[in-house]
Amino acid sequence: MATSENVNSQLIGSVLSYMEDLKIASLRARLKIISKELETAKRNSFNQQKSKETRMSDNVNTSKSDNQVKGYKVFLYGDPELKTITPKSGPNAGQEVPVLVANAYHRNFAQDEAGKLQSLDPTFMKLEVYGDKANYMKDLLKDGMKLVVNGYLTVDKFTGKDGKEKEARTLNADSVALDLAQSAIKSINFEKPQKEQTAQTEKKASEPEI
């Protein structure tokens, strides 16, 4: 026959066992939450690094001294204008050199605290192409085109009429590529040049324009 002392002992043991089970279950739940938080932090860190690498690939300056850029993505707004300049120095001093000038902007992005990309104010600039390249590009470049440019990005500071310091950016293009991944492109007409013409074009392209 069970005594009241034995019953109380069994009841206390059951309560202690139940409380221990609750502690274990609570600890396991907390460990799951911590594990998910660590996975989320790791994933956000990876995404931020990839985003940083992507932005660097879009805005890479391979040389701080000469502001060289490669694979710099810009959008044109307005049709380009063909002009001529007469350099005062260099191999083309005193000679008229064609220059194609277009308004362009570069899109900027940054990640917020939640890891989502947010659009920032674009960077506006003048896109300039010199020499023979300017002549044959004048009828190819159109308003709204997305281009990938290799060249030199310079920043000139000046004081505006309002007395505030401003910046004017110029992207001097060595080469200009059309980004084909844009729905506005409907067709491309291309005629493969002869070897002799290709050699002459490459020679001219390698010569400094100014």
Side-chain angles (χ1 to χ4, degrees), residues 43-83 85 97-158 166-190 192-193 198 201-202 204-206 208-210:
R43 184 166 55 252
N44 288 341
S45 177
F46 174 79
N47 291 336
Q48 289 174 0
Q49 180 64 25
K50 293 299 292 182
S51 177
K52 180 180 179 182
E53 292 173 358
T54 301
R55 292 198 301 272
M56 287 178 64
S57 67
D58 284 351
N59 301 277
V60 61
N61 284 340
T62 56
S63 174
K64 291 183 180 179
S65 61
D66 57 16
N67 296 323
Q68 183 180 8
V69 294
K70 291 185 178 180
Y72 196 83
K73 298 177 182 179
V74 298
F75 292 82
L76 299 184
Y77 63 96
D79 291 328
E81 181 182 0
L82 186 64
K83 302 180 179 180
I85 60 172
V97 176
V99 54
L100 191 65
V101 182
N103 293 317
Y105 66 90
H106 172 77
R107 297 179 66 187
N108 295 306
F109 299 91
Q111 278 190 330
D112 59 18
E113 295 180 354
K116 295 182 179 180
L117 281 179
Q118 298 292 329
S119 179
L120 304 179
D121 291 338
T123 301
F124 294 92
M125 68 201 68
K126 291 287 187 182
L127 173 67
E128 296 184 351
V129 184
Y130 291 87
D132 290 337
K133 295 189 292 290
N135 285 323
Y136 64 72
M137 282 189 190
K138 65 182 178 65
D139 295 325
L140 298 176
L141 301 186
K142 303 294 183 182
D143 179 23
M145 275 187 172
K146 181 180 180 181
L147 307 175
V148 182
V149 181
N150 294 337
Y152 298 86
L153 181 61
T154 60
V155 181
D156 296 319
K157 296 184 178 181
F158 64 96
K166 302 180 183 296
E167 293 182 343
R169 290 175 171 81
T170 302
L171 181 56
N172 188 334
D174 289 331
S175 65
V176 178
L178 177 63
D179 189 336
L180 298 180
Q182 47 188 317
S183 60
I185 298 176
K186 302 305 179 183
S187 65
I188 295 177
N189 294 323
F190 175 77
K192 185 176 180 180
T198 303
T201 302
E202 290 177 349
K204 288 182 179 180
S206 63
E209 303 294 350
I210 299 178

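Since we're looking at a predicted model, the values are computed, not measured.
Taking all atoms of both residues into account, the shortest heavy-atom contact from Gly78 to Asp143 is N-OD1, 2.7 Å. Across all their heavy atoms, Ala134 and Pro98 have their closest contact at CB-O, 4.0 Å. Between Val148 and Gly71 the shortest heavy-atom distance is CG1-CA, 3.5 Å.
With rounding to the nearest 0.5 Å, the separation of CG in Leu171 from CD in Glu128 is 9.0 Å. Atom OH of Tyr136 and atom CG of Leu141 lie 10.5 Å apart (nearest 0.5 Å). The distance from the CG atom of Leu120 to the CZ atom of Phe109 is 8.5 Å, given to the nearest 0.5 Å.
Evaluation of the side-chain hydrogen bond (donor to acceptor under 3.5 Å, both in side chains) rule for Glu167 yields Arg169 as partners, not counting sequence neighbours. Taking the side-chain hydrogen bond (donor to acceptor under 3.5 Å, both in side chains) definition, one finds that Lys138 meets it with nothing, sequence neighbours left out. Under the rule for a side-chain hydrogen bond (donor to acceptor under 3.5 Å, both in side chains), the partners of Ser175 that lie at least two apart in sequence or sit in another chain are Asn150.
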Using distance only, find each side-chain donor-acceptor pair of residues 178-188 under 3.5 Å and give its atom names and separation, not counting sequence neighbours.
unit_1	atom_1	unit_2	atom_2	d
Asp179	OD1	Ala181	N	2.9
Asp179	OD2	Lys146	NZ	3.4
Gln182	OE1	Lys146	N	3.1
Gln182	NE2	Lys146	O	3.0
Gln182	NE2	Asp179	O	2.5
Lys186	NZ	Ser183	O	3.3

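A distance-only check finds no donor-acceptor pair linking the side chain of His106 to the backbone of Val74 [under 3.5 Å]. Looking only at distances, a side-chain donor or acceptor of Asn67 sits under 3.5 Å from a matching main-chain atom of Leu153.
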Please test Val69 against Tyr152 for side-chain contact (heavy atoms from CB on, under 4.5 Å), starting from the C-alpha separation and ending with a verdict. CA-CA 6 Å; Val69 294; Tyr152 298 86; over 6 Å; no
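Relative orientation of the Phe75 and Tyr105 rings is parallel, given thresholds of 30° and 60° on the angle between their planes.
Within the 4.5 Å cutoff, no side-chain heavy atoms of Thr154 are placed close to those of Asn172. Between Leu140 and Val176 there is no side-chain heavy-atom pair separated by less than 4.5 Å.
Under the side-chain hydrogen bond (donor to acceptor under 3.5 Å, both in side chains) criterion, the residue pairs touching residues 117-126 are Asn103-Lys126, Asn108-Thr123, Asp112-Gln118, with sequence neighbours excluded.
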